[in-house]
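Accompanying notes for the structure given below.
Just so it is clear, the values below take in all heavy atoms, side chains as well, and ignore hydrogens, waters and symmetry mates. Please read all numbers here as calculations on a predicted model, not as lab measurements. Index from 1, following the sequence.
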Amino acid sequence: CLFVPLGKPLLSIGATFFCFYAVASPVVGALALTDLATSSVPRKLAFCVGATTIAQAPLALFGLTYCSLMDWSSAGRVINSRANTDRCGSGPRSSGPRSSGGPGGSPYSAPLVAITPPCTASLTAVPGEPQLVVPPPPHETAHAAQQEAC
């Protein structure tokens, strides 16, 4: 959910705890431990397993209400600053001038970097055959230089 990237993990834990233990558990307990709905044990067991979705309705309503009332510009800045902390330094990455929104892009967007996985196949030299030399992708050499600078 969005609560963890927004820096509100306790809100997510609290909402989940409340919906499962204060809403769903009493309903399941009352129907499973009494004969209000049925007296068949297999049906009660099936209800206990299937009734975990009872908590999903209030949890979804809470999440949708919270997200609909949220300031998305502020949330985007918080998520962007928290997402870019894996670079050298402590703040968000600086990638040059940012656009101010509109058709040119979002002020919260970062440039995309294509990442390709390293080649894992082993090449063996065959006498008389031309050798295949694969240079490393440009982002790997830039990443190595950046790591050396740290």
- Message: If hydrophobic residues (ILVMFWY) are linked whenever their side-chain heavy atoms come closer than 4.5 Å, directly or via other members, who joins Ile54 in its cluster?
- Response: Val27, Val28, Leu31, Leu36, Phe47
- Message: Applying ring pair (Phe, Tyr, Trp, His ring centres under 6.0 Å) as the test, list every pair that has at least one member in residues 21-42; sequence neighbours left out.
- Response: Phe17-Tyr21
Could you tell me the separation between the [atom1] atom of [X] and the [atom2] atom of [Y], rounded to the nearest 0.5 Å?
{"X": "Phe62", "Y": "Cys67", "atom1": "CZ", "atom2": "SG", "value": "9.0 Å"}
{"X": "Lys44", "Y": "Ser40", "atom1": "NZ", "atom2": "OG", "value": "8.5 Å"}
{"X": "Phe3", "Y": "Leu10", "atom1": "CZ", "atom2": "CG", "value": "12.0 Å"}
{"X": "Leu61", "Y": "Cys19", "atom1": "CG", "atom2": "SG", "value": "9.0 Å"}

- Message: Is it true that, when you exclude Phe20 itself, more than 12 heavy atoms of the residues, nucleotides or ligands shown sit nearer than 6.0 Å to its CZ?
- Response: yes
- Might you confirm whether atom NZ of Lys8 has over 12 heavy atoms from other residues, nucleotides or ligands at distances under 6.0 Å? no
- Message: My understanding is that only residues two or more places apart in sequence, or in another chain, count here; which of them pass salt bridge (Lys or Arg N to Asp or Glu O under 4.0 Å) with Asp71?
- Response: none
- Message: Less than 4.5 Å apart, side chain to side chain, heavy atoms only: is that true for Leu11 and Tyr66?
- Response: yes
- Item | Heavy-atom check, side chain of Leu6 versus side chain of Met70, under 4.5 Å | yes
Would the distance check show the side chain of [X] and the main-chain N or O of [Y] forming a donor-acceptor pair, the cut-off being under 3.5 Å?
{"X": "Ser25", "Y": "Ala22", "result": "no"}
{"X": "Ser39", "Y": "Asp35", "result": "no"}
{"X": "Arg82", "Y": "Val4", "result": "yes"}

